[in-house]
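Keep in mind the model is a prediction, meaning the values are calculated, not measured.
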Amino acid sequence: MSLEPSADPAADRRANYDYRSDDVDRPALVDDLETLVDCEVRADSYSRELYATDASPYELTPIAVAFPESTADVTGIVDYCAEREIPVLPRGGGTSLAGQTVNRAVVLDFSRHMNEILEINPNERTATVQPGTILGTLNEALSTHDLKFAPDPAWGDKSAIGGAIGNNSTGSHSLKYGKTDAYIEEVEAVLSDGTVTTFGEVTLEKISDRADSDGDLEGRIYAEVDRILEEEGNLIEEAYPDLKRNVSGYNLDRLVAEARGKTMPGGEDTGEPGTVNLARLLAGSEGTLAIVTEATVSLEPIPETKAVTLLCYSDLHDAMRDVEPILAHDPSAVEVLDDVLIDLARDTAEFGPVTEILPDGTNAVLLVEFYAEDADHGKEQVAGLLADRFPSATPTGVPSADAPQTEAETLAIEALEAYEKEERAQLWKLRKSGLPILLSRTTDEKHISFIEDTAIPPAQLPEFVEGFESILEDHDTYAAFYAHAGPGVLHIRPLVNTKSEIGIDQLHGIADAVTDLVVELGGSVSGEHGDGRARTQWNQKLYGDDLWRSFQDLKTAFDPDWLLNPGQVVFREDDPTDLREHLRFDPDYEFEAGFEPELVWENDNGMQGMVELCHGCGGCRGEQETTGGVMCPTFRASREEITTTRGRANGLRQAMSGDLEPGEAFSDEFVEEVMGLCIGCKGCAIDCPSEVDMAKLKAEVTHEYHQRNGSTLRDRLFANVATLSAWGSRLAPLSNTASKLPGARKVLEATMGIDSSRSLPTFHANTFRDWFEKRGGAQISEQEADRRAVVYPDTYTNYNHPAAGKAAVRVLEAANVHVTVPDELGDTGRPAYSKGFLETARETAHENVSKLAPLVEDGWEIVVIEPSDAVMFQLDYGDLLTDERVVQVAGATYGVCEYIDAFRLDEEIAFDADAAGEALTYHGHCHQKATRKDHHAVGVLRRAGYAVEPLDSGCCGMAGSFGYEAEHASMSDAIASILYEQVDESDGERVVAPGASCRTQLENRPGATEEPPTPIEFVDAALE
């Protein structure tokens, strides 16, 4: 079960990219390692900078990056590095929030190759996996057995199980499941000297037998474990906080609890005394003790169903006081959202509608979820909670006779219930709005993760929140409070500008004061995200000097030379870790784009703000089958970091802030490797939590590249495809015949770089405009019509596929719309914009707006058939022009199915039930998905009588001219193969797609018998 694509697109001889730069920092090291191991090793400037960051505020350029394919590769690299005292850092998805995967080391990226599910044993409820296995992928495979890996970090569909072990991850349902350590049964691990060993369950007697403080590395490890259990068990029991959610320091509390057979905080039974599982000692060690290369984990059954209630409060403090009594009802999750985030959510297009369900006066909410045996059981549990915590409610169910009844004051002002999957998802969506909103700031001030997951006994939450608010006030800033209230782990990200000295002082001062508060209240500095660079320095204050020395001794026993991810969890006194060092943005940071942006940037800090927006969460690294959505198509095809939105954003920022050579952003190599493989799908505009607009950034950089270096004839032809199409139409059918002559396509590839395997568009001598004029124009008069619409004759519809235009006119007229198809309108400027010819695109936009604005003012609406052209009007013209009329035109522009759906025009249409009835597989256009408009066609087709299965698909890979370019053809095909698989697995009899590129690509699908019709053609076919 591998995530590998069938072939690397870069292996195509025509490809002009290899995911790296030619500037190699340590070629001798690369050569040495690649003679020792079978995997690839890179030390070029691009690769090193790509792995200099993770999802934390930190940045530190590694020595090199390796992509191991086997345990033998890991052993070879570690052994080589150990001999030369070179640090090594294991890494999964790079989604850590405290800087655990940022270090001056040789990085081992397990996510590329060592990502297989080796075995699933449903009878034993175990799975054996490699460290790069994505949690979401594992759970997808387990779902057929009604099992799951229980810990559920929010980013589980992008983070790897090796990282979950390294960070001892957990998630929203830790009240039921605890942390990752409880599910580790056995690991294969590579020690710091290259030794391969297995850690698992072992008796204390065997530990003593194998202990040898003067022996080999394993003997010294067992000796130190034996010493800790013999000498420091009582100290550990006293010093570790009594918390279910504590991942600070090494996992010594579990080691002692298992050895003594004592219950873990939260009630987990550790079994009989005398046995420990040493694999669990690696949980939370952040790659500092050993490198896990294989893990066997235990599994849990998937709950039958769930029930959710949303308790509303007038303020956060009331919500916090209510957490402990709610826990008496044994919920599976208790999540909080405060007034700061609720207010911000109200102002967003995505989350605003969800906030409308909240009653007036709601300034905090607690989402309480129960696992249930069936729907009635869920309703019973919610009813029991409401009878206790909001007795004036009239719940759907009836509480059980033994439902808990606490004596705490009732504080909620309202309660909402949700039992159906869609209703539950809506309430969870409100809770999950926190992170995307916080990450969308483009100012120098950022909501930074450095003290955001402290763990506090739930009973102490009211006092903790008051104390934290006081600390924030003392440091003249604020934060939002959200996330896992049930186990006492609130996500709190203060707003800090680390580009200033004041911000650096705030960073340290807040962390220091909050650590004191946490210790005072019996908590931990990290309940979820680990120590890393952000919190390691506070472990000494949390645990005391004696345990701090024990941490050092344990680290030394496992790693005598301190080469495994040094500086995390614990440090040497002569090399301390300081949360203020190695920040991505610090007072010395300087940004210089090197040019004046051409586009309109209305966000704070303009283009610079957008370049710096990516915080590194890795949302662009999700798999199609587990994450869905649009982004990032080239990553899904290549699994290369440089092809993610994160990779491109980091590369662009590093090129413009001095980490790369001056002017690097406009070099041939950078454009080909970094920006050229962005296909402009706009998926990041919807799927990236921060909404990094990489398509817009690419347009800016490509434009400047043209200004500096000129442009190719092919680029100019693609940018002016409307002119080319007009000539092709005039010369048809000769123009169509010429492209089919023997050798013609090979000549095109040799001279223009146009892929010889691609079928070129067919030109029609009778254009869509011609047809409309010859039929006598509109068939519904203005006087009789309910609406008036300009059907825009976009380039593709007019010259290449007039059937879609004809269908649109017929359907609109069936809905009593007066239609016109103007002669004087040219293309929308989309091709020029996509190829970075922004001046040309601006001129076209200005001309179109000038002609369309008067019509809009007169009450006309604009209907566009080609999705990318519709989005050009609706969105991209606003990036090209500041003319107020742009807003008018954008607001009056609709895709054809969007227009029909938005005004329910099909309710006036008579459909022939016999004409429809086919089962259709619908693939939406990525630009429509990015603007949340792809659903309209599905609704219209269904009301026309079709059974429609919409695919949760990404980009088709054609992406305008991208798939025609010979150097990108293999990448285009690799992206398409993901879509082809989805189509093959769907139940539809025929495929339907609105976009020209999508339909061209789908026609090439193995087994395809036609170019898929557009949705409007199917609607037209169903007319009576």
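Ion pairing between Arg14 and Asp12 holds under the 4.0 Å rule for side-chain N and carboxylate O. Ion pairing of Lys835 with Asp715 is present here, as a side-chain N (NZ or NE/NH1/NH2) and a carboxylate O approach within less than 4.0 Å. Under the 4.0 Å criterion applied to side-chain N and carboxylate O atoms, Glu59 and Arg48 are not assigned as salt-bridge partners. Contact check on Arg639 versus Glu623 returns a salt bridge, with a Lys/Arg side-chain nitrogen under 4.0 Å from an Asp/Glu carboxylate oxygen.
Without hydrogens or angle criteria, His936 side chain to Cys897 main chain gives no donor-acceptor distance under 3.5 Å. Between the side chain of Glu985 and the backbone N or O of Gln982, no donor-acceptor pair lies under 3.5 Å. The main-chain N or O of Pro831 is never found under 3.5 Å from a side-chain atom of Ser834 such that the two would form a donor-acceptor pair. Proximity of a side-chain donor or acceptor of Asn650 to a complementary backbone N or O of Glu49 within less than 3.5 Å is not detected. No donor-acceptor distance shorter than 3.5 angstrom exists from the side chain of Gln654 to the backbone of Ala649, with no hydrogens or angles considered. A side-chain donor-acceptor contact under 3.5 Å links Thr144 to the backbone of Ala141. The main-chain N or O of Gly629 is found under 3.5 Å from a side-chain atom of Gln624 such that the two form a donor-acceptor pair. Between the side chain of Arg714 and the main chain of Gly753, a donor-acceptor pair closer than 3.5 Å is present. In this structure a side-chain-to-backbone donor-acceptor pair under 3.5 Å is present from Arg716 to Ser711. A donor-acceptor distance shorter than 3.5 angstrom exists from the side chain of Asp73 to the backbone of Asp38, with no hydrogens or angles considered.
Using a 4.5 Å heavy-atom cutoff, the side chains of Leu951 and Val983 are in contact. Between Gln1001 and Leu979, the closest side-chain pair of non-hydrogen atoms is not below 4.5 Å. Annotation: side chain of Leu33 is not in contact with side chain of Cys39 (no heavy-atom distance under 4.5 Å). The shortest distance between side-chain heavy atoms of Tyr46 and Tyr19 does not fall below 4.5 Å. Using a 4.5 Å heavy-atom cutoff, the side chains of Ser143 and Lys148 are not in contact. Cys678 is not listed as a side-chain neighbour of Thr634, based on a closest heavy-atom distance of 4.5 Å or more. Contact check for Asp755 versus Glu749: side-chain heavy atoms found under the 4.5 Å cut-off. Residues Cys998 and Met958 are not in side-chain contact: their nearest non-hydrogen atoms beyond the backbone lie 4.5 Å or more apart.
No side-chain donor-acceptor contact under 3.5 Å links Thr795 and Ser725. No hydrogens or angles considered: a donor-acceptor pair under 3.5 Å links the side chains of Ser953 and His923. A side-chain N or O of Thr797 and one of Asp794 form a donor-acceptor pair less than 3.5 Å apart. Looking at Ser977 and Glu981, their side chains never bring a donor and an acceptor atom within 3.5 Å of each other. Side chains of Ser972 and Arg758: a donor on one and an acceptor on the other come within 3.5 Å. Using modelled atom types, one finds a donor on one side chain and an acceptor on the other under 3.5 Å when comparing Glu1017 with His801.
With rounding to the nearest 0.5 Å, the separation of CG in Asp659 from CZ in Arg653 is 6.5 Å. Annotation: the span from Asp23 atom CG to Glu661 atom CD amounts to 7.0 Å, rounded to 0.5 Å. How far CD1 of Ile679 is from SG of Cys926: 6.5 Å, rounded to the nearest 0.5 Å. Once rounded to the nearest 0.5 Å, the distance linking OG1 of Thr1009 with CZ of Arg990 reads 8.0 Å. For the atom pair Ile642 CD1 and Leu677 CG, the distance stands at 8.0 Å (nearest 0.5 Å). Atom-to-atom distance recorded for Thr644:OG1 and Arg636:CZ is 12.0 Å, nearest 0.5 angstrom.
You'll find the ring centres of His706 and Phe837 inside the 6.0 Å limit.
Residues Phe67 and Tyr51 share a closest heavy-atom pair of CE2-OH, 3.4 Å. For the residue pair Lys158 and Gly618, the shortest heavy atom distance occurs at CG-O, 3.3 Å. Residues Thr101 and Ser96 share a closest heavy-atom pair of CG2-OG, 4.0 Å. What you find for Val864 and Ala870 is that their closest heavy atoms are CG1-N, 3.5 Å. Here the closest non-hydrogen pair linking Met971 and Ala637 is SD-CB, 3.9 Å. Closest approach of Arg646 to Gly93, counting heavy atoms only: NH2-O, 3.1 Å.
Annotation: salt bridge (charged side-chain N to carboxylate O under 4.0 Å, His left out) contacts involving residues 680-703, sequence neighbours excluded, comprise Lys682-Asp876, Lys696-Asp879. Listed by first and then second residue, the salt bridge (charged side-chain N to carboxylate O under 4.0 Å, His left out) pairs that reach into residues 992-1002 are Arg999-Glu1011, sequence neighbours excluded.
For Thr627, the side-chain hydrogen bond (donor to acceptor under 3.5 Å, both in side chains) partners are Asp157, not counting sequence neighbours.
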Given side chain to side chain contact (heavy atoms under 4.5 Å, CB included), test Glu294 with Leu118 step by step and report yes or no. CA-CA 9 Å; Glu294 189 176 301; Leu118 301 174; 3.4 Å; yes

For Arg830 and Glu866, run salt bridge (charged side-chain N to carboxylate O under 4.0 Å, His left out): C-alpha distance rounded to whole Å, both residues' side-chain angles, the deciding distance at 0.1 Å, then the answer. CA-CA 11 Å; Arg830 164 64 67 199; Glu866 181 59 34; over 6 Å; no

Working for side chain to side chain contact (heavy atoms under 4.5 Å, CB included), residues Val991 and Leu920: CA-CA 6 Å; Val991 181; Leu920 305 178; over 6 Å; no

Working note: Asp869 + Tyr796, criterion side chain to side chain donor-acceptor pair (under 3.5 Å); need CA distance, chi angles, decisive distance, verdict. CA-CA 10 Å; Asp869 287 314; Tyr796 186 78; over 6 Å; no

Full working for side chain to side chain contact (heavy atoms under 4.5 Å, CB included) between Met675 and Phe670: CA-CA 7 Å; Met675 306 309 293; Phe670 190 91; 3.8 Å; yes

One pair to check against side chain to side chain contact (heavy atoms under 4.5 Å, CB included): Leu875 and Thr931. What are the steps and the verdict? CA-CA 8 Å; Leu875 180 67; Thr931 51; 4.2 Å; yes

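Using bins of under 30°, 30° to 60° and over 60° for the plane-to-plane angle, the ring pair His968/Phe962 lands in the parallel bin.
When each of Thr626, Ile161, Val129 is paired with Leu135, the side chain to side chain contact (heavy atoms under 4.5 Å, CB included) condition holds for Ile161 and for no other. Only one option out of Arg20, Arg648, Arg621 pairs with Glu641 in a salt bridge (Lys or Arg N to Asp or Glu O under 4.0 Å); it is Arg621.
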